[in-house]
Amino acid sequence: MLHIHNSMTKKKELFTPIEAGKVKLYVCGMTVYDLCHVGHARVMVIFDVVTHYLRANGYEVTYIRNITDIDDKIIARAHKNGENIKELTERFIAEMHHDADALGVLRPDKEPQVTESIVEIIRMIETLIDRGYAYTSKNGDIYYDVSAFESYGKLSGRNIDELRKNKFTTTLDQTKDDPLDFVLWKAAKPEEPAWNSPWIRGRPGWHIECSAMSTKSLGQRFDIHGGGQDLQFPHHENEIAQSEGAHGCQPVNYWMHNGFVRINNEKMSKSLGNSFTVREILKKYDPEIIRYFILNSRYRSPLNYSNQQLDQAKNALTRYYTALRDIEIAPNIDWKNDIYFGTRFKMAMDDDFNTALALSVMAEIRLELNKAQRNKTQARIIYLASLLRSAGKILGLLQQSAKNFLMGNIINNNKRTKIKTLIETRNIARKQRDWVKADQMRDELIEMGVVLEDTNKQTNWRNV
RNA sequence: GGCUGCGUGGCAGAGUGGUUAUGCAGCGGACUGCAACUCCGUAAACGCCGGUUCGAUUCCGACCGCAGCCUCCA
């Protein structure tokens with residue numbers, strides 16, 4: 001029985017979909033003006049696992065992750081680059097897909113873009129005006145009237161009066177009736193992209209697009225809405241105000257917010273200038289290492305980024321793949337049918353997607369697998385290795401060939417040949433009990449970043 | 001200032017009112033020509049102070065420290 005921590009109630013709740021057997025999931029995706037950083041990777045990986053797990057439980061999942069392709073920062077970046085906005089956003093959408101693919105993140109079922117949803121956005125704003133939740137300001141912008149929405153603040157635990165106090169001390173926007181009101185539609189400056197509307201020619205505000213796109217893709221009510229913790233306020237709060245204001249019903253049943261990635265105990269973010277792009281990390285680490293690193297802690301906790309952490313993840317994965325090396329997988333073996341490990345894996349995942357605990361079960365499977373290898377119990381070896389691959393599939397781990405993970409860095413054929421030659425020479429020396437020569441060969445390989453493992457049958461090698 | 005959340009062994013990270021995961025690293029042993037791999041064993045923790053309790057790391061309260069949101073942000 002799957003339980004999900006609902007940010008709205010701050011409790012773990014039994015998951016019950018609106019429609020039996022189906023799950024509608026919406027996740028706030030990227031604003032595309034730069035490369036993905038680790039924080040983006042975290043959202044993508046987490047909800048990829050959520051989707052995998054729901055599907056493994058037999059749900060038919062519709063997974064929507066939007067792309068914000070028009071906003072102030074995009075305009076500013078395009079201007080700075082001297083680049084066309086469309087070119088810029090298309091470029092970074094492609095880059096995002098590149099990173100997502102590398103990380104083994106499946107594409108969502110749909111990735112709606114704001115610029116392709118203007119009609120729906122305008123329609124929703126009209127509804128909000130009709131229903132008394134929005135007004136036209138003096139300068140022609142359309143604002144949401146927060147005071148009209150009684151339960152404003154319920155998701156983030158804000159008190160409207162407290163918020164007002166803070167707002168008054170900072171900015172006072174003369175065009176708004178209330179400093180808390182937020183813009184739904186705003187006038188575009190001359191060179192900015194703009195669309196015709198019943199009001200001023202302009203473009204949508206920041207929050208309305210998610211309300212419009214989730215409605216467009218999933219309907220007025222859906223099961224799960226996900227995103228980073230920083231979106232809880234004001235973005236998701238405003239989304240609720242918009243959707244509920246327009247439709248008169250609660251839009252989302254379960255809100256899931258993932259914790260931040262931190263670096264040196266500080267939130268990683270572009271504005272702080274302390275972010276690492278996925279691309280940078282991929283230069284040094286296999287993408288699966290990033291995935292393991294992300295899934296080794298619970299999605300709601302903060303995640304500290306450091307090279308030491310990635311190295312630990314790398315060592316752990318090396319041990320998994322070492323255990324899996326040279327074993328044929330039986331594809332019909334499914335973790336769900338395993339009483340001992342499978343049940344505990346499921347219990348972990350059922351507990352609000354406790355991937356860290358699920359990984360500890362996988363570590364136990366690995367131990368049993370290694371024991372089976374020592375005992376040479378062939379059927380058991382195949383079973384456990386298949387079990388490991390099957391469970392790993394939910395987490396998007398252990399899906400590549402062991403050789404690829406362990407030896408993949410060295411793609412240069414000459415180098416491979418040299419490694420092979422050195423190993424052969426060394427093994428001849430070993431037969432002749434010429435240990436000095438044999439050790440020379442091995443040292444030379446270590447210099448090349450290659451570690452040897454002798455077995456009775458053969459000598460295996462892998463990258464350091 | 002307001003509102004959240006957090007503080008677990010060397011590092012990372014689960015979890016629990018009593019038997020105290022897991023990973024990486026360490027130590028001892030087995031295996032090995034020596035290593036590596038692997039296995040066996042081992043040590044080590046619950047911020048501080050009170051309270052509740054037969055018993056608290058786990059519940060409650062104060063304190064200290066940290067992070068986040070309140071402005072763009074995954």
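Every heavy atom of this structure was used, including side-chain atoms; hydrogens, water molecules and symmetry mates were not. Chain naming here is simple, since letters A, B, ... match the order of the sequence lines and numbering starts at 1 in each. Given the structure is predicted, the values throughout are model-derived calculations rather than measurements.
- The aromatic rings of A:Y26 and A:F222 sit tilted relative to each other, their planes meeting at an angle between 30° and 60°.
- At least one side-chain nitrogen or oxygen of A:R366 sits closer than 4.0 Å to the OP1 or OP2 atom of B:rC24.
- Of the candidates B:rA74, B:rG33, B:rA14, B:rG33 carries the atom nearest the A:A438 side chain, counting heavy atoms from C-beta on.
- What separates CG of A:L231 from P of B:rC69 is a distance of 11 Å, to the nearest Å.
- Here A:K371 lies in heavy-atom contact (under 4.0 Å) with sugar-phosphate atoms only.
- A donor and an acceptor atom never sit less than 3.5 Å apart when one is taken from the side chain of A:N460 and the other from the base of B:rA36.
- When rounded to the nearest whole Å, the span between CG of A:L359 and P of B:rG13 equals 13 Å.
- Looking at heavy-atom distances under 4.0 Å, A:L367 makes contact with sugar-phosphate atoms alone, never a base.
- When heavy atoms are screened at a 4.0 angstrom cut-off, A:Y292 is found touching the sugar-phosphate backbone but no base atom.
- Distances were taken from every side-chain heavy atom of A:S360 (C-beta onward) to each of B:rC72, B:rC39, B:rU22; the shortest belongs to B:rU22.
- Taking atom C1' in both B:rC46 and B:rC6, one finds a spacing of 14 Å when rounded to whole Å.
- The CG atom of A:L35 sits 13 Å away from the P atom of B:rA74 (whole-angstrom rounding).
- Donor-acceptor pairing under 3.5 Å, judged by distance alone, is present between the side chain of A:D439 and the base of B:rG33.
- Minimum atom distance to the side chain of A:R462 is reached by B:rA36, of the listed B:rG33, B:rA74, B:rA36.
- Between the C1' atoms of B:rU20 and B:rG9, the separation comes to 12 Å (whole Å).
- Distances shown here put every side-chain N or O of A:R319 at or beyond 4.0 Å from the OP1 or OP2 atom of B:rG23.
- If you take atom P in B:rA45 and the same atom in B:rA21, they sit 12 Å apart, rounded to whole Å.
- Judged purely by distance below 3.5 Å, without hydrogens or angles, the side chains of A:D454 and A:T459 pair a donor atom with an acceptor atom.
- Proximity of A:R300 to the phosphate of B:rG5: no side-chain N or O atom is located under 4.0 Å from OP1 or OP2.
- B:rU19 sits 26 Å from B:rG51 when the C1' atoms are compared, rounded to a whole Å.
- Spacing between B:rG7 and B:rG15 at atom C1', rounded to whole Å, works out to 16 Å.
- Note on A:D72: nothing from the nucleic acid sits closer than 4.0 angstrom, heavy atoms only.
- Using a 30° and 60° split on the angle between ring planes, A:W255 and A:H236 fall in the tilted class, from 30° to 60°.
- Using a 4.0 Å heavy-atom cutoff across all strands shown, A:S301 reaches sugar-phosphate atoms only and no base atom.
- In this structure, A:F293 places its CZ atom 22 Å from P of B:rU22, rounding to the nearest Å.
- Sequence order on RNA chain B of the closest nucleotides to A:F260 and A:T455 puts A:T455 first from the 5' end.
- Taking every side-chain heavy atom of A:N354 into account, B:rG15 is the closest of B:rG15, B:rG23, B:rA74.
- Going from atom CG of A:L317 over to atom P of B:rU22 covers 19 Å, rounded to whole Å.
- A:R430 comes within 4.0 angstrom of a nucleotide base, judged by non-hydrogen atoms across all strands.
- The residue A:R42 sits apart from the nucleic acid: no heavy atom pair falls under 4.0 Å.
- Here CG of A:D326 is found 5.5 Å from NZ of A:K403. Values are rounded to the nearest 0.5 Å.
- With a 4.5 Å cut-off on side-chain heavy atoms, A:I75 and A:I70 count as touching.
- A:S269 comes within 4.0 angstrom of a nucleotide base, judged by non-hydrogen atoms across all strands.
- Residues meeting the salt bridge (Lys or Arg N to Asp or Glu O under 4.0 Å) test with A:D161, sequence neighbours left out: A:R164.
- The pair A:R77-A:E83 does not meet the salt-bridge criterion, since no charged nitrogen lies less than 4.0 angstrom from a carboxylate oxygen.
- The distance between atom CD1 of A:I74 and atom C1' of B:rC72, rounded to the nearest whole Å, is 12 Å.
- No donor-acceptor contact under 3.5 Å links the side chain of A:R262 to the base of B:rA67.
- Base contact: A:S271 has a heavy atom under 4.0 Å from a base atom.
- In the set B:rG13, B:rA30, B:rA36, B:rG13 carries the atom at the smallest distance from any side-chain atom of A:A356.
- Of the listed nucleotides (B:rG15, B:rA74, B:rA12), B:rA74 has the atom at the smallest distance from the side chain of A:T31.
- In the set B:rG68, B:rG33, B:rG10, the nucleotide with an atom closest to the side chain of A:Q312 is B:rG10.
- Between A:F15 and A:Y254, the ring-plane angle classifies as tilted under the 30° and 60° cut-offs.
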Check: Which dot-bracket string fits RNA chain B when only Watson-Crick or G-U wobble pairs with both atom distances under 3.5 Å count, crossing pairs get [ ], and | stands for a partner on a different strand?
Finding: (((((((..(((.....[...))).(((((.......)))))....(.(((..]....))).))))))))....
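- Atom CG in A:N265 sits roughly 14 Å away from atom C1' in B:rA12 (whole-Å rounding).
- Both A:G39 and A:D351 lie close to RNA chain B; mapped to their nearest nucleotides by heavy-atom distance, the more 5′-ward contact belongs to A:D351.
- Side-chain N/O atoms of A:R298 include one lying less than 4.0 angstrom from OP1 or OP2 on B:rG15.
- Between A:H235 and A:H207, the angle of the ring planes lies from 30° to 60°, which puts this pair in the tilted group.
- Residue side chain A:Q232 does not reach the base of B:rC69 through any donor-acceptor N/O pair under 3.5 Å, judged by distance alone.
- A:V361 comes within 4.0 angstrom of nothing in the nucleic acid, heavy atoms only.
- Residue-level contact check: A:N370 touches the backbone only, with heavy atoms under 4.0 Å from sugar-phosphate atoms and none from bases.
- The shortest distance between the side-chain N/O atoms of A:K10 and the OP1/OP2 oxygens of B:rG5 is not below 4.0 Å.
- Between A:S156 and B:rC3 there is no side-chain polar atom (N or O) within less than 4.0 angstrom of OP1 or OP2.
- Regarding A:L357, its CG atom lies at a distance of 6 Å from the C1' atom of B:rA14, rounded to whole Å.
- Between A:F182 and A:Y143, a ring centre-to-centre spacing not shorter than 6.0 Å is recorded.
- The separation of B:rG47 from B:rA56, taken at their P atoms, amounts to 15 Å, rounded to a whole angstrom.
- Side chains of A:T62 and A:D109: no donor on one and acceptor on the other come within 3.5 Å.
- Across all strands shown, A:H235 has no heavy atoms under 4.0 Å from either base or sugar-phosphate atoms.
- Here the nucleotide nearest the side chain of A:R158, chosen from B:rC69, B:rG23, B:rA36, is B:rC69.
- Looking at heavy-atom distances under 4.0 Å, A:M44 makes no contact with the nucleic acid at all.
- Scored by the ring pair (Phe, Tyr, Trp, His ring centres under 6.0 Å) test, A:Y340 finds no partners at all (sequence neighbours excluded).
- Spacing of P atoms, B:rA67 relative to B:rA35, comes out at 46 Å, to the nearest Å.
- Among the heavy atoms of the strands, none lies under 4.0 Å from A:Q229.
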